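Just so it is clear, the model here is predicted, and its values are computed rather than measured.
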Amino acid sequence: MNANPEAPTVPRWKVVAATRRTILILLVLAQTVGGLYGMQSVLPYHGGNLLEKGILFLFAVLFAWISVGFWTALLGFWLRRRGGDRYSLVRHHDAATLAATPLARTAVVMPVYNEPVDRTLAGLRATIEDLRATGELDHFDFYILSDSRDAEQWLAERSAWYRLCEEQDLHGRLFYRHRPVNLNFKSGNVADFLRRWGRDYVYMVVLDADSVMGGNTLTRMVRHMELAPRVGILQTSPSLINAHSAFARFQQFANRVYGPLFTAGLAGIQLGEAAYWGHNAIIRTDLFMRHCGLRRLSGFGLFNGPIMSHDFVEAAYMGRAGYEVWMEPELDESYEESPPTLVDELTRDRRWAKGNLQHAWLFFFAPRLRFAHRMAFLNGILSYLSSPIWLVFLILTSIEATRLTLWPIDYFPDQRGSMFPVWPEWHPHWAVGLVLSTLFLLFVPKFLAVLDVLLTGRRRQHGGAWRLFLSVCLELLVSMLLAPIRMLAHSRYVLEALFNVRLHWGGQNRTDETGWRQAFLSQAPGTLLAIGWSGLALRLDPMFFFWSLPVALPLILAAPTSVLLSRVAIGERLRRRRLLLTPEEQRLSPQVDTIAAPRPLNPVRLTAFEAAVLDPVLNRVHRALARRRRPVDAEAWRQWLERCMKEGPDGLNRRQLNALARDADALARLHQAAWTAPRDSYWGVRVGVVKSRDYG
């Protein structure tokens, strides 16, 4: 009996989470100590000199990092075999209670930045249509929040938005906002929305430009939030879809086969102190506005300025305010896309590396953060810092091999002046055992994931048991080829971040393949380094040469690997042979089908600027949303307008075109001038296209 009935009770999930985390820490420490002992036995001087002490330290960090993933996957396997985690948020209420809970007003917001318009709007259309099928569409409004900088891009977005409003009959429910000054990246875009409209909604669902969510999942999320007022953020675990290139198909397959184990284990460890991934999540808007505002970092270099990776920080601030953040793998019908090529993935990782390393400042200095959220920061930091650690580890082991081969043996490595010599020893059986134990930690979770697929009867969703096995073997081969390439690239990105190299914030490529010239130029440093390293290893010791091949060979083959994996033809050939299949490719899924072949929403024979000038309806739309104040330099504005009337948009640079596209008076004058232009002039020819009704 509670002696003090007024004292707040600790939620059961907190006790369970603390227990699981303690067990995880003990298992990782024990495993790391065992691995460290094995590594110490492998080294000739058993850690007796400074070089070997450095090798042991780096090995301990890397081994512990691998161990955390191993035990997380094992927990996920155990939870899935038990039918799910009974302490998860979605298990707190039965289906009848959930169905009887009324919905609250919710905004679905999609920040975009230079994204393919038809594909982006196709994803939003799929979400809207699926919500309409639930009969609950009236509880949701939709916002497209654009930070695109080129007039051609945001005019196309605005035109597509208007046509989607017409198609879905959502005028007054589907909104478009183009932010003229894009401060603080995506987080600044969402903050701008909250300042303007956040108080109008109880909840906000954040989508990425490549996100799609099912209507039933969205309504379930709102009802779970209504039944759990202490929850500030509810995060889904998105599945990858719509992969066409070989690279994207490998990523998609790995996500669908291995992902459920790792996300179940991660959710089981975090419970109500989970991380927020920045999209495919629902947020309680009043709590988010009160507690999750992001201040500029006040440190030095990298740690001074706006926070680039905002999502983990916002989850930590929500937890600091005393509210819960949950990640629920059982909330299905949540999708996103993978970058189509290795080059695109590494370009994205360059931004993510800098953003995650910034979290080190918050890890050490942010007050009152919960332990789980500090560990989430550490996990994100090590996601990129582990690469230079691995690289330095390889360098130190290479120095060790070189020293043993070329330098005289040091019988007195202890600098404190020991009178007894130390005899270098080599134990091949210890080295083999250490390699096998590392491979065990790396590959057993993947084989458990395959076992989970077989035990749950999902083999047909991946093409059957034989094709599933062959697909896993192919994925393991590709992942081993990509690991050293990512290691070298991430090491470079960490150095750039530490020296605070300024990054260009650009839209993501979702379609283009990688060319041979681009691949050889981007991968040349790693290839040359690997050739030199393996050549040195061969000269020093054949055994060391063979030890270096798993890292050196993928770097030597990096350029052809990057090119071939980017090919859509290879990806489609794998699909036709029923390899790397996922459940969404095996069953009819309206959301996936809608974005696989998006219906065009914009004209195909006119540019977005031309359509904004010529199309009477679009011209009125753009004018209604444009500025009406006089330009600062009226004479320059007049010259740009005259040049555009005479030569078309090709006669203007980006800044001039943006200025005219934002000006209501300029759009009106251009429209009038274009429709009265001679038939053989620039605008006269395009008026003929409009009259022929062959432009849309």
Side-chain angles (χ1 to χ4, degrees), residues 114-116 118-120 122-123 209-210 239-259 335-350 462-463 467-490 506-528 530 550 552-586 592-593 595-598 600:
N114 292 339
E115 299 287 350
D118 288 338
R119 161 59 192 90
T120 300
D210 60 353
S239 301
L240 296 180
I241 56 168
N242 202 32
H244 297 288
S245 70
F247 177 83
R249 289 192 58 75
F250 278 110
Q251 301 302 101
Q252 179 178 271
F253 175 78
N255 168 266
R256 296 301 279 129
V257 175
Y258 314 139
Y335 306 108
E336 63 175 332
E337 293 182 355
S338 167
T341 70
L342 176 63
V343 171
D344 295 303
E345 182 194 73
L346 294 178
T347 301
R348 181 194 65 183
D349 285 351
R350 190 181 184 191
H462 298 283
R467 286 189 173 87
L468 172 64
F469 173 75
L470 186 56
S471 297
V472 168
C473 292
L474 287 172
E475 192 281 329
L476 290 176
L477 174 63
V478 169
S479 65
M480 287 188 289
L481 285 173
L482 294 178
I485 302 172
R486 287 172 171 144
M487 173 202 69
L488 207 59
H490 289 175
Q508 296 186 47
N509 165 49
R510 305 194 189 274
T511 55
D512 294 340
E513 297 179 348
T514 302
W516 284 101
R517 184 174 182 275
Q518 179 188 11
F520 276 111
L521 287 176
S522 62
Q523 302 297 340
T527 299
L528 295 175
L553 195 58
L555 290 173
I556 294 171
L557 300 175
T561 298
S562 178
V563 171
L564 294 176
L565 287 180
S566 75
R567 295 294 186 250
V568 172
I570 295 176
E572 293 302 319
R573 192 174 302 139
L574 290 168
R575 189 203 302 270
R576 289 194 297 271
R577 297 188 178 183
R578 297 180 61 77
L579 294 173
L580 306 176
L581 291 180
T582 61
E584 288 75 23
E585 295 175 321
Q586 296 285 82
V592 178
D593 292 345
I595 67 169

Next on the checklist: Using the rule given for side-chain contact (heavy atoms from CB on, under 4.5 Å), can you reason through L342 versus L565, listing the C-alpha separation, both sets of side-chain angles and the distance that settles it, and then say yes or no?
Outcome noted: CA-CA 8 Å; L342 176 63; L565 287 180; 5.8 Å; no
Item to check | Candidate pair N242 and Y335, rule side-chain contact (heavy atoms from CB on, under 4.5 Å), full reasoning | outcome: CA-CA 9 Å; N242 202 32; Y335 306 108; over 6 Å; no
Next on the checklist: Test side-chain contact (heavy atoms from CB on, under 4.5 Å) on F250 and L474; report intermediate values, then the result.
Outcome noted: CA-CA 9 Å; F250 278 110; L474 287 172; 3.9 Å; yes
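For S239, the side-chain hydrogen bond (donor to acceptor under 3.5 Å, both in side chains) partners are R256, not counting sequence neighbours. Considering only residues two or more places apart in sequence or on other chains, E475 meets the salt bridge (charged side-chain N to carboxylate O under 4.0 Å, His left out) condition with K446. Applying the salt bridge (charged side-chain N to carboxylate O under 4.0 Å, His left out) criterion to R467, with sequence neighbours excluded, gives no partner residue. Scored by the side-chain contact (heavy atoms from CB on, under 4.5 Å) test, L240 finds Q251, Q252, N255, E336, S338 as partners (sequence neighbours excluded).
Between atom CG of residue L579 and atom CG of residue L470 there is a gap of 5.0 Å, rounded to the nearest 0.5 Å.
The stretch residues 553-563 participates, sequence neighbours left out, in no side chain to side chain donor-acceptor pair (under 3.5 Å) pair at all.
When all heavy atoms are compared, the tightest approach of D349 to H490 is OD2-NE2, 3.0 Å. Taking both residues in full, the closest heavy atoms of A209 and R119 are given as O-NH1, 4.0 Å, listed atom of the first, atom of the second, then distance. Heavy atoms only, all atoms of each residue included: R567 and T514 are closest at NH1-O, 3.0 Å. When all heavy atoms of L468 and F253 are compared, the pair lying nearest together is CD1-CZ, 3.9 Å. S245 and S566 get closest at one heavy-atom pair: CB-O, 3.4 Å. Nearest heavy-atom pair, L481 versus P554, reported as atom, atom and distance to 0.1 Å: O-CB, 3.2 Å.
Annotation: side chain of Y258 is in contact with side chain of V472 (closest heavy-atom distance under 4.5 Å).
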Name the atoms and distances for all side-chain donor-acceptor pairs under 3.5 Å in residues 515-525, with sequence neighbours left out.
residue, atom, partner, partner atom, Å
S522, OG, Q518, O, 3.0
S522, OG, A519, O, 3.1

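Distance alone, capped at 3.5 Å, places no donor-acceptor pair between the R575 side chain and the R249 backbone.
Applying side chain to side chain contact (heavy atoms under 4.5 Å, CB included) to L488 and the options L555, L346, T527 leaves one that passes, L555.
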